[in-house]
Amino acid sequence: MRKTCLGFGLSLILSLTLSWPVLAQNPAITYAFDGTFEDATFSVESAILDAGLVIDYVSHTGEMLERTGQDLGSDVRIFDAADIFLFCSAVVSRRVMEADPMNVAHCPYSIFVADRAGEVMIGYRRYPDGIMQQVQALLDSLVQDALGE
């Protein structure tokens, strides 16, 4: 019993130690946008639609945080504005879910636009190595289009 517990403890410590660089990585990839928040949201929306994709929902996260902050007794303003565009790609989704049906956990995909103190950024979450890098490549392509690159 003692050897099993010790072995498990060492395994846990080793796995956490080896995964630390991944955990320490920024969970999002962001790009500075040279323009207003409104211009950035228009560019992101256009890039998604121009790629033949359908936007399922736009979450006005900045407005929600501002509204609920007051209700929770906080005067911290996190964003001047922040929206998240949710959408899916039938082609990419089928590919990644045929490889592993549990990749459904990553759908829908999202791109966010945020303004913090006049600094506008566009970004998306990082995806795991392997087949999900196809989703990350799609998102990066859409963001590059929105940036005019």
Side-chain angles (χ1 to χ4, degrees), residues 9 11-149:
S11 296
L12 179 61
I13 290 169
L14 183 59
S15 68
L16 288 174
T17 302
L18 292 176
S19 66
W20 180 253
V22 174
L23 295 174
Q25 268 186 347
N26 187 340
I29 296 170
T30 60
Y31 296 92
F33 183 83
D34 185 21
T36 66
F37 175 80
E38 291 76 15
D39 289 343
T41 58
F42 180 79
S43 292
V44 167
E45 180 179 13
S46 296
I48 295 168
L49 297 176
D50 290 350
L53 303 171
V54 175
I55 297 169
D56 296 320
Y57 182 71
V58 179
S59 173
H60 303 289
T61 305
E63 292 174 12
M64 178 274 300
L65 289 169
E66 185 66 22
R67 184 180 62 253
T68 58
Q70 295 170 5
D71 294 340
L72 297 171
S74 175
D75 61 355
V76 175
R77 185 176 184 113
I78 301 170
F79 299 105
D80 294 331
D83 285 351
I84 304 170
F85 294 83
L86 301 167
F87 59 94
C88 214
S89 163
V91 173
V92 175
S93 294
R94 175 150 290 281
R95 203 174 305 137
V96 302
M97 289 181 219
E98 282 181 359
D100 181 354
M102 290 300 96
N103 283 331
V104 70
H106 300 288
C107 202
Y109 313 126
S110 63
I111 295 176
F112 65 85
V113 178
D115 180 346
R116 293 188 71 198
E119 301 285 327
V120 179
M121 70 181 96
I122 299 174
Y124 54 90
R125 76 179 62 155
R126 286 185 191 278
Y127 285 86
D129 289 338
I131 193 80
M132 289 306 295
Q133 286 300 300
Q134 291 182 25
V135 173
Q136 191 162 311
L138 168 67
L139 296 176
D140 200 69
S141 173
L142 294 169
V143 169
Q144 295 306 317
D145 286 350
L147 293 169
E149 309 275 320

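In this text the structure is predicted, and so the values were computed from the model without any measurement.
- Residues that satisfy the ring-ring contact (aromatic ring centres under 6.0 Å, His included) test with Y124, not counting sequence neighbours, are absent from this structure.
- Remark: side-chain polar atoms of R116 are paired, donor with acceptor, to backbone N or O of I78 under 3.5 angstrom.
- No donor-acceptor pair under 3.5 Å is formed between the side chain of E63 and the backbone N or O of A81.
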Enumerate donor-acceptor pairs with a distance under 3.5 Å from any side-chain N or O in residues 84-91 to protein atoms, sequence neighbours excluded.
residue : atom : partner : partner atom : Å
S89     : OG   : V92     : N            : 3.2

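- When every heavy atom of M132 is checked against every heavy atom of Y127, the shortest pair comes out as CE-CD2, 3.5 Å.
- Between the side chain of R77 and the main chain of D80, a donor-acceptor pair closer than 3.5 Å is present.
- Separation of atoms CG (L65) and CZ (F79) is listed at 6.5 Å; rounding is to 0.5 Å.
- Taking all atoms of both residues into account, the shortest heavy-atom contact from R125 to Q136 is O-OE1, 4.5 Å.
- Expressed to the nearest 0.5 Å, how far CZ of F37 lies from CE of M121 amounts to 11.0 Å.
- No more than 12 heavy-atom neighbours from other residues, nucleotides or ligands sit within 6.0 angstrom of CG on D34.
- L142 approaches I111 most closely through the heavy-atom pair CB-CD1, 3.8 Å.
- Side-chain contact between I55 and L49 is present, with heavy atoms from C-beta onward closer than 4.5 Å.
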Under the criterion side chain to side chain contact (heavy atoms under 4.5 Å, CB included), I'd like the reasoning laid out for F33 against L147: C-alpha separation, chi angles, the key distance, then a yes or no.
CA-CA 7 Å; F33 183 83; L147 293 169; 3.8 Å; yes

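- One distance of note links CD of E66 with OG of S74; it measures 9.0 Å at 0.5 Å rounding.
- Of the inter-residue distances, the one linking L139 atom CG with I122 atom CD1 reads 12.5 Å to the nearest 0.5 angstrom.
- Minimum interatomic distance between R126 and N26 (heavy atoms only, all atoms of both residues): NE-O, 2.5 Å.
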Give the table of side-chain donor-acceptor pairs shorter than 3.5 Å for residues 99-110, with sequence neighbours excluded, one pair per line with atom names and distance.
residue : atom : partner : partner atom : Å
D100    : OD1  : M102    : N            : 2.9
N103    : ND2  : V96     : O            : 2.9
Y109    : OH   : S93     : OG           : 2.9

